[in-house]
Amino acid sequence: MLISFYYFSLPQLDYYYMNSTLLPSAKLAPQYHLPDPSTSACFPSHILLGQERVVDTFKLMSKINSQHLFLADFLGVDRPLFINALVTQANTPSNQYLVATKKTHEEDEIQFKWQQTLPPEHVGIIARQESLSCYLQGTIRRADLLGKMLKTDKSSVYKPGALAKNHFVFICLASLWQRESLWDLLMQILHDGFYRINNELAPIPLNCKIVLVGSGLSYSQLRVEDRHFSRHFPLLAEMSNEVDLTQHPESSYVQWLNVLAQSESVELETSSLLPLFWYSSRLVEHQQRLSLSMLEFRHLLGQAKAYCGQSALNAAAIAKALEKLTFRHNSSEVYSAQSFDDNFINLPTKGAMVGQINALTVIDTGDYTYGEPARITSSVHYGDGEVADIERKSELGGNIHAKGMMILSSCLYRIFGRDAPLHLNANIVFEQSYQEIDGDSASLAEYCCLMSAIAEQPIIQSLAVTGALDQFGNVQAIGGVNEKIEGFFNLCQRRGLTGDQGVIMPKANVLQLNLEPDVIEAIDKGLFHIHAIEHMDQAVELLMQMPAGVANEDNDFAPETLYGLVQQRLDKLAGQDDDDVELNFFAKLLARLRII
């Protein structure tokens with residue numbers, strides 16, 4: 001028997017259920033204790049906030065002659081700015097001078113050697129190693145590394161390269177890979193300990209430290225595939241892309257921001273800090289952590305300066321830059337909202353329906369992420385116990401979504417299929433979905449929808465649900481919680497907030513909440529609600545206005561509970577009438593008394 005979808009009218013949510021799971025506004029966004037930025041001293045080394053692992057490894061490398069370093073960074077790093085700060089953390093090496101000497105007094109063969117003392121005036125200096133560091137990227141040539149010979153009418157002069165002029169040579173791994181011959185050359189130099197400019201000139205000893213800069217994935221790949229790399233680059237310094245405020249005070253992050261502000265020639269006023277902190281927390285999706293993406297903030301500060309027309313930035317300037325940042329990238333979100341507003345996409349936000357629920361999804365366009373509600377429906381009929389994922393069968397569902405559906409089936413069988421197989425088939429689908437869906441964050445919504453279809457109990461459409469299930473019904477954390485909540489809120493706001501609308505989310509995601517001010521304002525006024533839950537039974541109770549039910553020792557549920565209604569429907573699908581149910585009860589009783 002197929003379940004048809006009808007609208008039902010339900011009373012407002014029971015106060016007990018609402019009050020026990022509702023989140024107060026204080027938990028909807030991070031709270032900070034911000035100092036005055038003008039009172040914080042600012043030094044280039046402050047850009048190394050949260051990079052203790054990198055600093056410690058760099059200092060270790062500077063003390064070991066034969067081991068070089070791989071610096072694993074991420075896309076938001078301003079490499080020149082970071083490198084200039086990092087090299088100041090090691091003891092400054094002494095200047096070195098490359099001079100030519102004879103191997104012995106009897107031989108005429110010349111060799112090169114490095115020495116710390118400045119040679120006498122009559123001794124020529126081939127190269128001076130006086131620069132602390134350099135960073136090579138882009139099109140790197142052989143001469144950039146080794147140097148070259150400049151020929152004049154009377155003689156030839158050696159023009160030193162990066163290896164001879166600098167104590168620390170940072171090289172972009174991606175740029176080095178563009179020239180395969182340079183990669184092989186560098187490995188050969190590290191193996192030999194010297195390099196040659198040409199066959200006529202004596203070999204020049206390698207007297208600097210090499211730091212390759214690339215991704216952590218590249219390091220893992222090279223460790224496996226290139227044994228020469230493994231030998232010469234045993235030290236890994238992996239950069240952190242966020243800082244934990246439980247380990248570092250807000251004042252340290254203000255100093256970090258001030259370094260970036262100086263690089264953009266702007267000054268941060270006290271009022272500018274709060275929107276910057278909120279934006280930073282939003283980037284890493286955590287209330288107690290902040291982003292260390294330097295380029296994101298340099299770009300934002302530069303844009304704020306351009307919009308306000310002055311170097312002193314306040315809260316209004318930052319807010320304007322953030323507003324325009326969203327405006328430049330949210331065209332997909334605007335077109336999506338139009339489809340809902342024009343009713344091209346059917347998604348009710350009032351009333352109640354059987355076998356239908358509002359789930360929450362995240363759309364990632366690469367440069368912008370936003371939330372979009374989705375309608376999930378379920379139908380059940382007599383069958384062999386299969387819960388069919390239509391998305392998977394139509395090849396529109398990913399592997400993680402399929403895993404979530406399997407966990408959902410496991411929850412169903414754990415509760416209702418312990419003693420006998422289930423005689424139903426169920427179909428679950430994302431309606432009006434025409435692209436691939438992946439992830440398990442809809443498994444809670446799908447479970448609630450399935451329970452509604454089996455029990456024929458309507459689900460409140462003013463609530464949207466997100467959450468991932470485990471096999472025991474616990475609700476687990478999901479990604480994009482802020483975007484999901486705001487996506488459903490925006491839809492409800494355009495249609496008119498009624499005070500009944502809200503979102504059910506995992507309690508495990510509370511620390512990731514960082515909602516827009518208009519969402520928090522609506523929650524403060526009681527026009528919108530957020531419920532944080534830990535178990536799937538809490539979700540079905542909120543959505544269907546009745547207790548989920550607790551099984552007795554015979555694994556039976558009270559008939560007035562949701563699971564009791566589910567159990568009765570499953571018994572009917574199995575062909576059991578009331579007499580069969582009564583006989584089964586007495587059979588269980590006699591078995592417990594060991595009579596049969």
Exercise. For M505 and I485, what are the C-alpha separation, side-chain angles and deciding distance, and is it a side chain to side chain contact (heavy atoms under 4.5 Å, CB included)?
Worked result: CA-CA 9 Å; M505 58 163 281; I485 294 173; 4.0 Å; yes
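- Pairing each heavy atom of N330 with each of F327, the nearest pair is OD1-O, 3.2 Å.
- Under the 4.5 Å side-chain criterion, counting only non-hydrogen atoms from C-beta, V54 is in contact with L86.
- Looking only at side-chain heavy atoms (C-beta outward), N241 and D73 stay at 4.5 Å or farther from each other.
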For this session: Start with the C-alpha distance between C172 and L136, add both sets of side-chain angles, then the distance that settles side chain to side chain contact (heavy atoms under 4.5 Å, CB included), and finish with yes or no.
Result: CA-CA 6 Å; C172 174; L136 301 180; over 6 Å; no
For this session: Evaluate the side-chain hydrogen bond (donor to acceptor under 3.5 Å, both in side chains) criterion for residues S175 and Q137: first the C-alpha distance (whole Å), next the side-chain angles of each, then the deciding distance (0.1 Å), finally the verdict.
Result: CA-CA 6 Å; S175 300; Q137 63 175 336; 5.7 Å; no
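- Contact of the L49 side chain with the H248 side chain is registered, since non-hydrogen atoms from C-beta on lie closer than 4.5 Å.
- For the pair P93 and H167, the tightest heavy-atom approach, listed with the atom from each and the gap, is CB-ND1, 3.5 Å.
- Note that CD of E267 and OG of S272 are 9.0 Å apart. Values are rounded to the nearest 0.5 Å.
- Considering F82, F43, F297 as possible partners of W256, the one that fulfils the ring pair (Phe, Tyr, Trp, His ring centres under 6.0 Å) test is F297.
- When all heavy atoms of P160 and A127 are compared, the closest pair comes out as CG-CB, 3.7 Å.
- When the shell of 6.0 Å around CZ of R53 is examined, it contains 12 or fewer heavy atoms from other residues, nucleotides or ligands.
- In this structure, a donor-acceptor pair under 3.5 Å is present between the side chains of T270 and D36.
- In this model, a donor atom of one side chain and an acceptor atom of the other lie less than 3.5 Å apart for Q512 and N509.
- The closest side-chain heavy-atom distance from L71 to F58 is not below 4.5 Å.
- The backbone N or O of A29 lies less than 3.5 Å from no partner atom in the side chain of N514, so there is not a single donor-acceptor pair.
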For this session: Go through the steps for L146 and L185 under the test side chain to side chain contact (heavy atoms under 4.5 Å, CB included), then give the verdict.
Result: CA-CA 10 Å; L146 310 185; L185 174 64; 3.9 Å; yes
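- Between F112 and F194, a ring centre-to-centre spacing not shorter than 6.0 Å is recorded.
- In terms of modelled atom types and a separation under 3.5 Å, the side chain of Q115 and the main chain of T117 share a donor-acceptor contact.
- Counting all heavy atoms, side chain and backbone alike, P205 lies closest to W114 at O-NE1, 2.9 Å.
- Neither side chain, S133 nor N166, offers a donor N or O lying under 3.5 Å from an acceptor on the other.
- With salt bridges taken as basic N to acidic carboxylate O contacts below 4.0 Å, none links E333 and R328.
- Between Y219 and F70, the ring planes lie tilted relative to each other; the angle falls in the 30° to 60° range.
- Here the side chains of I125 and L98 are not in contact, with every heavy-atom distance at 4.5 Å or above.
- Looking at N207 and Q129, their side chains do bring a donor and an acceptor atom within 3.5 Å of each other.
- Here L28 contributes atom CG and L513 contributes atom CG; the two are 6.0 Å apart, rounded to the nearest 0.5 Å.
- The structure places OH of Y253 at 7.0 Å from CZ of F277, a figure rounded to the nearest 0.5 Å.
- Put simply, the side chain of V503 reaches to within 4.5 Å of the side chain of L360, judged on heavy atoms.
- Here the shortest heavy-atom pairing between Q287 and S281 reads CA-OG, 3.8 Å.
- Screening L222, V211, L69, L190 for a side-chain contact (heavy atoms from CB on, under 4.5 Å) with F233, the sole residue that qualifies is L190.
- One distance of note links CZ of R179 with CG of D144; it measures 9.0 Å at 0.5 Å rounding.
- Between the side chains of T466 and K484, a donor-acceptor pair is found at a separation under 3.5 Å.
- Between the side chains of E296 and Y279, a donor-acceptor pair is found at a separation under 3.5 Å.
- Crowding of N91 atom CG: a count of heavy atoms from other residues, nucleotides or ligands under 6.0 Å not exceeding 12.
- More than 12 heavy atoms of other residues, nucleotides or ligands shown are found within 6.0 angstrom of NE2 on H329.
- Once rounded to the nearest 0.5 Å, the distance linking CG of L276 with OG of S291 reads 11.5 Å.
- Closest approach of I478 and A468 over heavy atoms only: CG2-N, 3.6 Å.
- Judged purely by distance below 3.5 Å, without hydrogens or angles, the side chains of E372 and S336 pair a donor atom with an acceptor atom.
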For this session: Take Q51 and S240, measure what side chain to side chain contact (heavy atoms under 4.5 Å, CB included) needs, and give me the verdict at the end.
Result: CA-CA 6 Å; Q51 308 297 346; S240 175; 4.0 Å; yes
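- From Q262, atom CD reaches atom CG of L301 across 12.0 Å, with rounding to the nearest 0.5 Å.
- Under the 4.5 Å side-chain criterion, counting only non-hydrogen atoms from C-beta, V213 is in contact with R79.
- With salt bridges taken as basic N to acidic carboxylate O contacts below 4.0 Å, none links K59 and D56.
- Within the 4.5 Å cutoff, no side-chain heavy atoms of L150 are placed close to those of Y158.
- No side-chain donor-acceptor contact under 3.5 Å links D184 and Q188.
- Side-chain atoms of N474 do not come within 3.5 Å of backbone N or O of D470 as any donor-acceptor pair.
- The side chain to side chain donor-acceptor pair (under 3.5 Å) check on S263 picks up R298, with sequence neighbours excluded.
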